[in-house]
Every structure is written in C-alpha cells, then in structure tokens.
Amino acid sequence: MHRIGKFTHFRISLSLRTEIEKRERDSLRTTMPSLSSWFFTTLLCFLDVTFAGDPYVFYDWTVTYTSASPLGVKQKVIGINGQFPGPTLNITTNWNVVINVKNNLDEPLLLTWNGIQHRKNSWQDGVSGTNCPIPAGWNWTYEFQVKDQIGSFFYFPSLNFQKAAGGYGSIIINNRPVIPVPFGLPDGDITLFLSDWYTRSHKDLRKDVENGVDLGVPDGVLINGLGPYRYDDNLVPNGISYQIINVEPGKTYRLRVHNVGISSSLNFRIQNHNLLLVETEGSYTVQQNYTNMDIHVGQSYSFLVTMDQNASTDYYIVASPRFVNSSWARATGVSILHYSNSLGPASGPLPSLLGEDDPSFSINQARSIRWNVSAGAARPNPQGSFKYGDITVTDVYVILNRPPELINGKWRTTLNGISYFPPSTPLKLAQQFKILGVYKIDFPNRLMNRPPKVDTSLINGTYRGFMEIIFQNNDTTVQSYHLDGYAFFVVGMDFGVWTENSRSTYNKWDGVARSTTQVFPGAWTAILVSLDNAGIWNLRAENLNSWYLGQEVYVHVVNPEKDTDENTLPNNAIFCGLLSSLQKDQSHKFQFSGGSPFCSNSLILLFMLFLALLESLFGMSGVEL
C-alpha cells in the first residue's frame with residue numbers, strides 16, 4: 001500500500017503481514033463452506049483486477065467554508081480539506097476513482113466532474129437530474145472510471161450557486177505509458193484557475209439573480225484563488241496576495257488553464273511569451289502558437305510555454321474580461337511569471353489586446369483550433385480514425401436561448417421556450433423505479449410558437465445515433481454550453497441566424513472534440529455528437545446565472561434492447577423526493593460503494609491463501625516449491 005499525495009493507492013502487496021495474520025486467524029474460525037465461498041469470490045476479484053490492470057485510487061474530502069480575502073475583503077469561500085482551490089485529482093487513463101465527500105456546508109451539495117464522461121454511469125455525474133443532493137452533515141462516495149480519457153478537466157459544486165464561492169479543483173488524466181504523447185515531456189506542469197469573482201456571498205448573488213438583478217461588474221478576477229498583482233496603484237489596493245509562478249530559464253512548462261468563473265469570458269496571455277496550444281478538454285490539437293487565448297466559462301486548455309526571454313524583469317500573467325467597457329478595468333487578474341535569474345519586478349502597462357478586442361477576432365481564433373487527427377489520445381489509434389464527417393445525422397436540434405424573462409411571476413431563462421424545472425426526484429431515480437409524471441421526453445427540436453413555460457422536458461436521444469445541435473444565442477453576452485457524458489465535435493460557428501445552408505461551412509475533418517463550446521451574441525455554433533453513452537446526460541449553460549434560472553435540459557439516451565452495460569443503481573444511493581421513504585438515517589461516517597476496497601484488501605489474503613494451499617497439496621507429495 002503506497003502513499004501518494006493525500007490519497008491511498010492500493011496495489012497487490014505482501015507488506016501487510018500483521019493484517020494478513022489477523023485475517024488468517026479469523027478465517028480458521030469459519031466453516032469450510034464459507035471459506036470456499038470466500039475463496040472463489042475473492043478469486044473472481046483477483047482475476048478481474050489482475051488481468052484488467054486498472055487500479056483504484058481513494059480520496060477522502062471534507063467540503064466546508066473557510067475564510068479568505070482574495071480581494072482584500074474577508075469572506076467565506078468553499079474549500080476542500082481546507083484548500084481553496086481544492087485538491088488535484090492526478091490520475092491515469094482507465095483508473096477507478098473513489099472519492100468520499102463529507103458535506104460540512106450548511107446546505108445540500110453535489111460535485112460534478114466537468115468533461116469526465118462516466119461511460120454508461122450517469123449515476124456519478126453529480127447534477128440534480130442524476131443524484132439526490134448530499135444533505136448537510138452527510139457524506140457520499142463517488143465511484144467512477146476515467147475510461148478512455150486523457151487531458152485537462154476540473155470539478156465544481158453544481159447546486160445553489162455554490163460555484164461562485166469556490167469548491168473547484170483540477171482533474172489531470174495522464175496518458176498510459178504505452179500511448180505516446182504528441183510533444184516532448186515538459187519540465188513542469190502548472191495549473192491555473194481563472195475566475196471572475198464577487199465579494200458578495202453566493203447566497204446573496206443567487207438572491208439577486210432570482211430577483212432579476214444583474215450581477216454587475218465583478219469585484220475582480222482571481223488566478224488560483226488569489227487577487228491581482230498591484231500593477232496599478234489606482235486599481236489594485238495594497239496588501240493583496242497574488243500568485244507567483246517560479247520558472248527556470250530555457251525550460252518548457254505545460255500550463256493547464258481553466259475558466260472556472262461565473263459568467264465572464266476571459267482572455268489569457270503572458271507578457272512576451274507565446275502559448276503553444278496542445279490540448280483542450282481531452283483532445284490533442286494541431287499545435288499552433290498564440291499570443292493570447294479567449295477562454296470562455298467552463299473551458300480548459302493546455303499550452304506549452306518556453307521560458308525564452310532574457311528575464312530583465314518579471315513578466316505579467318493576465319486574465320481580463322472580454323467584450324466589456326472601461327468600467328470593468330478593475331476586474332483584471334494579474335499574476336507574476338518569475339524567472340530564477342530575474343533582474344527585477346514587473347512594471348509598466350499590461351500587455352494589451354489592441355486590435356484584437358472585438359468578437360470577430362475571437363470567433364476566428366476559435367475556428368483556428370483544430371483536432372490533431374494523426375495523434376493518439378487515450379487509445380493507440382489516431383484521433384482522426386473516427387471520421388465523424390462521414391456519419392449520417394439521425395437527429396437535429398436547433399436550440400435557441402433567450403435572456404431572463406418573467407414566467408409565472410419569476411425570472412427564468414429558457415432553451416427553445418422551456419425553462420427547466422428540477423424535480424424533487426432525480427430523473428435517474430424516476431427512470432430506475434419507473435415513476436410516472438416526473439419528466440416528459442418531448443423537448444422540441446426547434447422553438448415553438450407558444451409562450452415560454454417552466455417544465456421538465458427531456459431530449460429524446462437515439463442510442464448510437466448521431467445528433468446535430470445548433471445553439472443560437474439571442475442573448476447579449478457570450479454563452480458557453482456543456483454536455484456531460486460526451487465529447488462533441490465543434491464543426492461551425494458564425495454570426496447571424498443559422499440556416500440549412502450554413503452546413504456548407506462545416507468543418508467535417510478536424511473540428512476539435514471537446515465538452516464545452518462558446519456561442520457569441522447574435523451568432524450560432526454547431527456541434528455533432530455520437531450518442532454511444534447510455535444514460536441521462538445534462539446539457540447546460542455554463543454561465544452560472546443562465547444555468548441557475550433554468551437554461552439546461554437533459555438528453556435521454558437509452559438502448560431500446562435493454563443496455564445491460566449501463567451501470568445499475570449504486571448501493572449507496574441517496575433517496576429523496578417521491579422515494580424519500582427508502583432513505584435510512586446516516587449513522588455512519590464513511591461508506592465506500594461497491595466492492596473495490598474489498599478487492600484491494602482481499603488480494604493480499606488470496607495470494608497468501610493460494611500459496612498455503614499449494615504448499616499443503618504439493619508438500620504432502622514431497623514436492624518442493
């Protein structure tokens with residue numbers, strides 16, 4: 001049993017002799033039939049783990065409020081194990097992840113895993129349609145496999161506007177050693193979280209949104225949970241803690257950059273340094289240099305940055321809001337890139353976006369991000385071996401959003417005229433127990449000529465079908481849309497209204513595969529997605545104010561021939577809503593789901609028992625081992 005960071009990584013080991021001897025003494029008290037049953041059960045576990053070769057990693061997280069002053073004003077933020085941002089999940093393709101989450105907040109909690117596909121296991125998705133919330137003071141254990149995935153992702157709390165208070169952290173999925181990476185091994189790996197930030201609490205912010213009050217200009221932009229370097233005495237007060245990234249001259253570093261904010265598109269840049277884009281949300285990209293990159297809410301990118309400057313001073317790392325006026329000047333995140341041989345602090349104006357501050361530049365930049373079709377990712381075959389452009393589309397949805405409007409006296413946002421209503425019984429539980437009336441599978445494939453309404457209406461996805469979704473943005477700001485359970489192909493985007501003729505502009509060869517895409521105001525974005533992952537999957541606005549007011553829908557993907565590969569109800573499921581009577585009080589502290597820990601501990605005992613049986617059998621015949 002090897003300690004790695006703050007989690008325990010269980011492998012086959014012979015080092016736990018004390019535990020083995022205790023288990024062997026206990027086993028002598030059992031009858032022969034029970035020993036036989038244990039042996040063969042454990043043998044199955046042994047065969048499964050040994051030959052599958054996919055290890056388990058275990059985490060124990062406590063989610064609680066902690067005090068911080070990122071912008072000089074003391075406030076409550078959401079931390080995990082006392083960390084803000086939270087701990088990193090650093091794992092490898094196909095590993096099984098078990099995370100016991102203790103909710104020490106004063107309200108229910110769910111964590112969702114942005115970009116993790118949870119193959120055939122939407123039970124672990126951590127959104128209101130798949131899981132009952134973890135009540136305050138309770139714990140719940142997530143267990144999922146990062147099947148056939150690599151890349152840079154993040155997690156965050158999905159309920160009650162809590163993301164505005166933090167609770168987010170990084171997910172790094174490394175390649176297996178047998179799969180080559182399409183670039184040299186970097187000298188370091190650095191994660192940067194960018195987020196627009198308010199000093200008002202997440203509870204006050206959600207009340208404002210409920211009352212139709214605009215969030216207004218953020219109080220600042222944080223980088224890794226810290227405020228800006230004092231680049232301007234008039235804009236940045238004294239005493240703010242800021243991030244310093246220490247580097248060595250001549251070295252190349254991988255920077256994983258995530259926009260984990262509320263609603264602001266942010267431009268990321270490093271003074272005098274190029275950003276070589278290599279990966280986004282689990283897809284390797286064509287490698288291109290950029291001087292800056294627009295990163296929209298919910299998006300993640302990996303860049304290689306070479307420290308090739310003379311280090312006459314430190315250098316600015318900047319994250320600034322896009323497409324805003326001068327009143328947003330204070331909402332700029334600034335960190336410092338510090339060479340070990342730097343001759344002095346950074347000074348002077350921030351690197352500007354002169355001539356690059358309009359949506360046309362941004363949309364052209366987005367179009368330039370392409371899939372590296374010759375590189376392998378989680379599997380040895382090239383990414384481009386999946387020729388998505390040759391597949392026949394089976395379902396088409398043109399999804400139009402609208403700014404907040406009053407529906408039945410409450411402020412709501414809509415997709416195709418429907419504001420999603422989250423039922424008290426999660427959709428997956430209603431499906432499992434065949435409860436009628438919780439949801440309908442009748443989401444319209446276009447905006448219908450009727451008044452907007454609040455409803456629980458799902459998209460009917462054809463299992464193993466190929467869906468085309470066009471997002472049409474009628475709002476005044478950039479909106480990001482994310483689909484759980486899948487990576488989709490971004491094949492087109494443009495200003496104006498999408499028409500059938502717009503398909504002639506689609507990229508049907510190397511459109512990047514990702515899970516979050518931006519849609520510019522007065523514009524459209526088209527995606528294609530292969531519906532090969534059975535489950536009920538959340539499609540949502542990543543802009544938190546839009547999402548909170550109802551801009552989401554679920555895609556219902558079920559094999560009509562009964563997909564036995566889809567995971568069954570977890571044995572530790574929390575019950576709520578119409579199934580509340582099934583829930584027992586939680587009197588225990590920890591409960592890990594499934595049989596994983598059993599397998600890990602039993603492997604040792606199995607191996608020793610196997611040796612003992614061999615010795616017994618062959619020893620009686622005079623055979624030496």
Side-chain angles (χ1 to χ4, degrees), residues 115 117 150-152 182 265 275-290 293-296 298-303 356 358-379 381-400 465-473 478-483 486-532 539 542:
Q117 294 177 14
I150 56 94
S152 309
S265 297
L275 309 172
L276 180 65
L277 179 64
V278 295
E279 178 256 336
T280 179
E281 297 165 24
S283 287
Y284 289 124
T285 64
V286 172
Q287 296 179 17
Q288 301 179 79
N289 273 312
Y290 295 87
M293 177 63 68
D294 284 346
I295 305 179
H296 305 278
Q299 292 186 329
S300 302
Y301 289 95
S302 280
F303 307 100
E356 300 176 353
D358 64 277
S360 295
F361 168 83
S362 188
I363 202 169
N364 286 329
Q365 183 187 72
R367 290 181 184 133
S368 74
I369 300 169
R370 294 179 293 129
W371 209 27
N372 186 339
V373 296
S374 62
R379 294 183 174 183
N381 52 304
Q383 294 181 139
S385 60
F386 185 81
K387 301 184 185 301
Y388 68 87
D390 296 338
I391 302 175
T392 300
V393 170
T394 58
D395 305 277
V396 180
Y397 282 81
V398 181
I399 299 180
L400 185 144
F466 200 60
M467 183 176 287
E468 177 184 10
I469 301 176
I470 300 95
F471 298 103
Q472 184 79 51
N473 185 2
V478 178
Q479 299 287 312
S480 299
Y481 290 94
H482 175 91
L483 177 59
Y486 298 96
F488 50 70
F489 298 95
V490 183
V491 294
M493 60 179 66
D494 205 351
F495 295 104
V497 176
W498 182 89
T499 67
E500 304 282 340
N501 294 331
S502 301
R503 291 194 178 102
S504 64
T505 67
Y506 283 6
N507 177 352
K508 293 191 174 182
W509 168 241
D510 61 358
V512 71
R514 62 187 313 164
S515 57
T516 306
T517 189
Q518 70 274 40
V519 191
F520 293 90
W524 58 267
T525 294
I527 66 172
L528 298 174
V529 56
S530 177
L531 300 180
D532 61 349
L539 174 61
E542 286 278 81

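Side chains included, hydrogens not; waters and symmetry mates left out as well; all remaining heavy atoms used. All of these numbers come straight from a predicted model, not from anything done at the bench.
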How many angstroms lie between [atom1] in [X] and [atom2] in [Y], if you round to the nearest 0.5 Å?
{"X": "Tyr397", "Y": "Met467", "atom1": "OH", "atom2": "CE", "value": "5.0 Å"}
{"X": "Thr280", "Y": "Trp371", "atom1": "OG1", "atom2": "CH2", "value": "13.0 Å"}
{"X": "Asn507", "Y": "Arg367", "atom1": "CG", "atom2": "CZ", "value": "11.0 Å"}

Could you verify whether a donor N or O on one side chain and an acceptor N or O on the other, from [X] and [Y], lie under 3.5 Å apart?
{"X": "Glu542", "Y": "Ser480", "answer": "no"}
{"X": "Ser302", "Y": "Ser152", "answer": "yes"}
{"X": "Ser368", "Y": "Tyr290", "answer": "yes"}

Tightest non-hydrogen contact, residues Leu539 and Phe471, listed as CD1-CZ, 3.9 Å

Ignoring hydrogens, what is the shortest heavy-atom contact between Leu275 and Phe303? Give both atom names and the distance.
CB-CD2, 3.6 Å

Is [Y] close to [X] at the side-chain level, that is, under 4.5 Å between some pair of heavy atoms?
{"X": "Phe386", "Y": "Asn381", "result": "no"}
{"X": "Met293", "Y": "Ile369", "result": "yes"}
{"X": "Phe488", "Y": "Tyr481", "result": "no"}
{"X": "Asn372", "Y": "Pro182", "result": "yes"}
{"X": "Thr516", "Y": "Gln299", "result": "yes"}
{"X": "Val396", "Y": "Ile470", "result": "yes"}

Can you tell me how the ring of Trp498 sits relative to the ring of Trp524, calling it parallel under 30°, perpendicular over 60° and tilted otherwise?
perpendicular

